[in-house]
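The structure under discussion appears below in the form of structure tokens.
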2 protein chains.
Amino acid sequence: MSKHTIIRLSRYKNALYRFESLGFVKVFSDNLADAIGVTPSQVRKDFSMFGLSGNKRGGYKVDELLAKLNEILGTNKAHNVIVAGAGNLGSALIKYKGFEKENIKITAAFDIDHSKGERAGEIPVKPFDEMQEYVRQNDIRVGIIAVPDMAAQHVADVMMAGGIKGILNFAPIRLRVDEGIVVNNVNLALELENIIYFICVPMGSGKGIK
Amino acid sequence: MSKHTIIRLSRYKNALYRFESLGFVKVFSDNLADAIGVTPSQVRKDFSMFGLSGNKRGGYKVDELLAKLNEILGTNKAHNVIVAGAGNLGSALIKYKGFEKENIKITAAFDIDHSKGERAGEIPVKPFDEMQEYVRQNDIRVGIIAVPDMAAQHVADVMMAGGIKGILNFAPIRLRVDEGIVVNNVNLALELENIIYFICVPMGSGKGIK
DNA sequence: CGGATAATGTGAAAAAAGTAACGAAATGCT
DNA sequence: AGCATTTCGTTACTTTTTTCACATTATCCG
């Protein structure tokens, strides 16, 4: 199953939560299409690939669809995640509110400089040395890398040694990982650069968007 | 020109900087391919689309290629960017080091609660009311949205009113924007969710990766 | 109850993206 | 210098992704 399809499913799910909170009890493929910016056909095809079905005239029931999407995406179960790096970005992630409603919880952060503390009420920042053992003992499957570029590969290696299966990597390098390990990269500078290209260049050099 | 191609160009550029710092003076398509995880054909095709040429046997000169990529991507010129929202994420972005080397500078942040201050040496956090005027006066073209979901659309509207042409949006909603405005979305929860799907589901339900 | 309608589900067509293959040219070696 | 080798650049092919189109079916209304 293609990654893009799964991303769209997550987006549908998000949109559905908004529809739900607006009191919608059913939605049509074109509502969802508008909400996430695709065609209605795309929505129906995505759903049909996962056996998500609606009614020929009544569209899809919001609550049922949400339940099924949560099951498919694994968001019906809680997931514990750790962060490596408690700098600016790592700290922001620790405090980020957006994970909760996806049933994702950051349970610990690790940093070489663990003086960053174990402040009351917040997630503890532990010494990096303890990460591997923590991962193993708590059966952590997903780790976030928010350390400087040069340290990222080493952090990934330690995570994998501890048994982590998926990595969200904020360092702008391609991590070398074992077979079967899932890596998603978020490269903030690249995102900005990409925007800059599309707003600057089309007028400059005749190359249009897309 | 497809967005994916441009993203790859940025990645090549990143890899090239690393090659350069390792003392490489020329690279081959398969070096770059390995570095960013594509096929050598892809590299050559991407380059040929932009008239980037190498030598039939000597590969590509690192410095020349870098210069050309910087020109294509617009990173040879400095770009000023603003951030809306000085919460956890916004603050982390303000302090983030990774933008500098792409010639991107965050010149101001805006927040309804501007008590977050104008600390010496750091980027000033100004009241949100002043954002539109600031954008206009300083000819800002790119804005980052790091505010809560509910405020994001309004922020986008104000940005556009000020003349902003590109938005990097961290709010997990689809922004409604005018024709020609470029939006890139970064959805942190979605990235994690996506990882979780691929590490959990393949064993659970028989649906394999890709 | 039956026709009109509105929306789904799907299979085929089209478009886009990626890969492979190969001719051409530059380099190095003898 | 000439031959062998390496790597590019491009064209043709394959695969993937998206869109289109339409048969199907549930609902509504007279």
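Proteins come first, then strands; the chains are lettered A, B, ... in the order of their sequence lines, and each starts at number 1. Computed from heavy atoms alone, side chains included, the values below leave out hydrogens, waters and symmetry copies.
No side-chain N or O of N103(A) forms a donor-acceptor pair with one of T75(A) less than 3.5 Å apart. Of the N and O atoms on the side chains of N184(B) and N194(A), at least one donor lies less than 3.5 Å from an acceptor on the other residue. In this model, no donor atom of one side chain and acceptor atom of the other lie less than 3.5 Å apart for Y60(A) and S53(A).
Atom CE of M49(A) and atom C1' of dT17(D) are 9 Å apart (whole Å). Rounded to an integer number of Å, the gap from I7(B) CD1 to dG18(C) P is 11 Å. Nucleotide dT19(D) holds its P atom 15 Å from the CZ atom of F47(A), rounded to whole Å. Look at CE on M1(B): it is 13 Å from C1' on dA16(C), rounded to the nearest Å. The interatomic distance linking D30(A) (CG) with dG9(C) (C1') rounds to 15 Å, in whole Å. Summarising the geometry, the separation between CG on L65(A) and P on dA7(C) is reported as 16 Å, rounded to the nearest angstrom. In this structure, K3(A) atom NZ and dT15(D) atom C1' are separated by 19 Å, rounded to whole Å. We find that CZ of F28(B) is positioned 16 Å from C1' of dG9(D), with the value rounded to whole Å.
S53(A) comes within 4.0 angstrom of sugar-phosphate atoms only, judged by non-hydrogen atoms across all strands, and of no base. Heavy atoms of S29(A) sit under 4.0 angstrom from primed sugar atoms or phosphate atoms, though from no base atom. Among the protein residues, G59(B) comes within range of the sugar-phosphate backbone only, with heavy atoms under 4.0 Å from sugar or phosphate atoms but none that close to a base. Contacts of T39(A) with the nucleic acid, taken as non-hydrogen atoms under 4.0 Å apart, involve only primed sugar atoms and P, OP1 or OP2. Across all strands, Y60(A) comes closer than 4.0 Å only to sugar-phosphate atoms, never to a base (heavy-atom distances).
Partner of I196(B) under the side chain to side chain contact (heavy atoms under 4.5 Å, CB included) criterion, chosen from L73(A), I104(A), V182(A): I104(A).
Among the nucleotides dA21(C), dA21(D), dG18(C), the one closest to the side chain of R44(B) is dA21(C).
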Walk me through whether K77(B) and E71(B) qualify under salt bridge (Lys or Arg N to Asp or Glu O under 4.0 Å). CA-CA 8 Å; K77(B) 292 197 276 293; E71(B) 193 187 331; over 6 Å; no

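Between D46(B) and G54(A), the one whose closest nucleotide on DNA chain C sits nearer the 5' end is G54(A). Heavy-atom nearest nucleotides on DNA chain D were determined for V27(B) and for K26(A), and the one closer to the 5' end corresponds to V27(B).
Between the side chain of R57(A) and the base of dT8(C) there is no donor-acceptor pair of N/O atoms closer than 3.5 Å. No N or O donor and acceptor, one from the side chain of K56(B) and one from the base of dT27(C), sit under 3.5 Å apart. On a pure distance criterion of 3.5 Å, a polar donor-acceptor pair joins the side chain of K45(A) and the base of dT19(D).
Ionic pairing of E193(B) and K13(A) is present here: one or more N-O contacts between side-chain nitrogen and carboxylate oxygen are shorter than 4.0 angstrom.
In this structure, S2(A) reaches the dT17(D) phosphate: one of its side-chain N or O atoms is under 4.0 Å from OP1 or OP2. Put simply, Q42(B) has no side-chain N or O that comes within less than 4.0 Å of OP1 or OP2 on dA17(C). Phosphate contact (OP1/OP2 of dG18(C), side-chain N/O of R8(B), threshold under 4.0 Å): present.
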